[in-house]
Amino acid sequence: MPKNYTKRLESLQKRRFDDNLEKSILSESFKRSDIGQSAKYTLESMKPIESSYTQNTIKAAENIQNNLKEKLKSEYNLTFRHQGSTITDTHIKIHSDIDILVFTDTFETLENPQIPSNPYQGNPVEDLITLRKKCFEKLDNTYNQVDDSNSKAIQVFPTQPKRKVDVVICNWFNSNLWKERNNEIYRGIYFLDRDKKQRIKDFPFAHIHQLKNKSLNTNKNYNKVVRILKTLKVDADYEIKLSSFEICCLVYDIEDRKLNLPETSSLLLLNVASEQLAKLIDNKLYREGLKSPNGTEYIFPNENKVVELKKLKLEVDELIIDVSKELASQYKSLNESFIY
């Protein structure tokens, strides 16, 4: 069944709609009448969000962290970091979400064989739960919409600027590599899962570093492929149960040489994406061995996501067919240079 690209273009415009300006923030090429709908949908979806909106998202996060720092300064010397698609330039909405990592100064976790100079005697989970409660109280007294139901984050919905900000409670994990090299890329975190009463180890800064390097090494085509796959996921007529993290990871493992195409060959990135999805679907050994960019976890360790990968591949392949038909009607093909 042919896709309704009029509807999909409307969805794209809604994701990039500025309420204050009362218009969608799109490229000049979006206005061109000589470009077919499916090609326009593809290439516009690959475009980055205008940087001023990304900065506004970061500003929303900074407002919240400044509020927390000030209101809890008598009890904590909190530090903060950011994570999420906004930071790696793979977001597809101008009003994108962002995560604030809130770090306690009460304790840090050391990797063996490091020895603390001032041993911590408390309960790390309970101390993080206490910090979370205090953060929620301060935020709930400041903002109209604060949701404490999520086990891993307090969700805040500021209006100036309008965003969703996840506040994640953490402590630092000082790895031996971090101690040796003094580079935050190698520094880990433990973040709180309140309902399970446990801490989960992660290395978000290594992840961010790897994705930014991938972008640099592929002429930012890595970002384009992630954006179009995330767009196809949200615009599909059925649910595709793949997270943004999983999409970032599966695209990350594509060889740089395959992604390193000139700007005028951006449509060919659809073929590259389809090939990678086929490899993941057909090659169980490869799929189950695929690790995150920071090398700390397997992305698809079992069969659970194969159906979802097939759904996403179907979306990509149908888009390739539609764009190819559209170009053929103009006596063109995907292999030809296309200036957008």
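The structure displayed is predicted, hence computed values, not measured ones.
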Can you confirm whether [X] is buried at [atom1], in the sense that more than 12 heavy atoms of other residues, nucleotides or ligands lie under 6.0 Å from that atom?
X    : atom1 : value
K310 : NZ    : no
K152 : NZ    : no
L21  : CG    : yes
E303 : CD    : yes
N144 : CG    : no
Y286 : OH    : yes
K69  : NZ    : yes
E22  : CD    : no

So, do [X] and [Y] sit near enough that their side-chain heavy atoms are less than 4.5 Å apart?
X    : Y    : value
R15  : T231 : yes
Y5   : L319 : yes
I299 : S292 : yes
F205 : L101 : yes
K291 : Y252 : no
Y340 : M46  : no
K311 : V307 : yes
K71  : L78  : no

Are [X] and [Y] within salt-bridge range, i.e. N to O under 4.0 Å?
X    : Y    : answer
R8   : E318 : no
K134 : E137 : no
D148 : R132 : yes

Under 3.5 Å, is there a donor-acceptor pair between the [X] and [Y] side chains?
X    : Y    : answer
N219 : N221 : no
D322 : Y41  : no
N217 : Y222 : no
Q83  : D99  : yes
S38  : K325 : no

I'd like to know if [Y] and [X] are part of one continuous hydrophobic network [Ile/Leu/Val/Met/Phe/Trp/Tyr, side-chain heavy atoms within less than 4.5 Å].
X    : Y    : result
V251 : L309 : yes
L12  : F17  : no
V272 : L211 : yes
L110 : Y120 : no
I320 : L312 : yes

Test item: [X] side-chain N/O and [Y] main-chain N/O as donor-acceptor pair under 3.5 Å:
X    : Y    : value
T130 : E126 : yes
S24  : L26  : no
S337 : T264 : no
Q155 : K164 : no
K40  : F30  : yes
K230 : I92  : no
E239 : K241 : no
N294 : F203 : yes
N77  : D105 : no
R81  : F103 : no

I'd like a table of donor-acceptor pairs (distance under 3.5 Å, sequence neighbours excluded) in which one partner is a side-chain atom from residues 167-176, with atom names and distances.
from: N171; atom 1: OD1; to: R199; atom 2: NH1; distance (Å): 2.9
from: N171; atom 1: ND2; to: T109; atom 2: OG1; distance (Å): 3.0
from: N174; atom 1: OD1; to: R187; atom 2: NE; distance (Å): 2.7
from: N174; atom 1: OD1; to: R187; atom 2: NH2; distance (Å): 3.0
from: N174; atom 1: ND2; to: E108; atom 2: OE1; distance (Å): 2.7
from: S175; atom 1: OG; to: W178; atom 2: N; distance (Å): 3.0
from: S175; atom 1: OG; to: Y186; atom 2: O; distance (Å): 2.6
from: N176; atom 1: OD1; to: Q114; atom 2: NE2; distance (Å): 2.9
from: N176; atom 1: ND2; to: N112; atom 2: O; distance (Å): 2.8

**OP:** Would you please name every residue forming a salt bridge (charged side-chain N to carboxylate O under 4.0 Å, His left out) with K305, sequence neighbours left out?
**Re:**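 Listed in chain order: E246.
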Original post:
Do K162 and F157 meet the cation-pi criteria used here (NZ or CZ under 6.0 Å from the six-membered ring centre, within 45° of the axis)?
Top reply: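 Judged by the rule (NZ or CZ under 6.0 Å from the ring centre, within 45° of its axis), K162 is not positioned above F157.
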**OP:** Check step by step if salt bridge (Lys or Arg N to Asp or Glu O under 4.0 Å) holds for K138 and E75.
**Re:** CA-CA 13 Å; K138 302 303 181 186; E75 300 175 75; 5.5 Å; no
Subject >> Test log, rule salt bridge (Lys or Arg N to Asp or Glu O under 4.0 Å), inputs E111 and K179 >> reply: CA-CA 10 Å; E111 184 176 14; K179 184 182 179 184; over 6 Å; no
Donor-acceptor contacts, no H, no angles, side chain residues 328-335, under 3.5 Å, sequence neighbours left out:
from: S329; atom 1: OG; to: E326; atom 2: O; distance (Å): 2.5
from: Q330; atom 1: NE2; to: D34; atom 2: O; distance (Å): 3.1
from: S333; atom 1: OG; to: N335; atom 2: N; distance (Å): 3.3

I need the [X] [atom1] to [Y] [atom2] distance, nearest 0.5 Å.
X    : Y    : atom1 : atom2 : value
N271 : D317 : CG    : CG    : 8.5 Å
T86  : Q55  : OG1   : CD    : 10.5 Å
K47  : I25  : NZ    : CD1   : 14.5 Å
K93  : T57  : NZ    : OG1   : 10.0 Å
S149 : I154 : OG    : CD1   : 11.0 Å
S215 : L259 : OG    : CG    : 10.5 Å

**OP:** With D89 as reference, evaluate K212, K220, R227, K224 under the salt bridge (Lys or Arg N to Asp or Glu O under 4.0 Å) test and give the passing residue.
**Re:**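 Looking at K212, K220, R227, K224, the match for D89 under the salt bridge (Lys or Arg N to Asp or Glu O under 4.0 Å) is R227.
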**OP:** Go through the steps to decide whether E50 and I94 satisfy the test side-chain contact (heavy atoms from CB on, under 4.5 Å), and finish with yes or no.
**Re:** CA-CA 8 Å; E50 210 276 317; I94 65 170; over 6 Å; no
**OP:** Please report the closest heavy-atom contact between S29 and I35, naming both atoms and the distance.
**Re:**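 S29 and I35 have their closest heavy atoms at O-CD1, 4.1 Å.
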**OP:** Please report the shortest heavy-atom distance between S45 and R16, naming the atom on each side.
**Re:**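 That closest heavy-atom pairing would be O-NH2, 3.7 Å.
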Original post:
Does the pair Y143 and N67 meet the rule for a side chain to side chain donor-acceptor pair (under 3.5 Å), with working shown?
Top reply: CA-CA 10 Å; Y143 297 94; N67 187 288; 4.6 Å; no
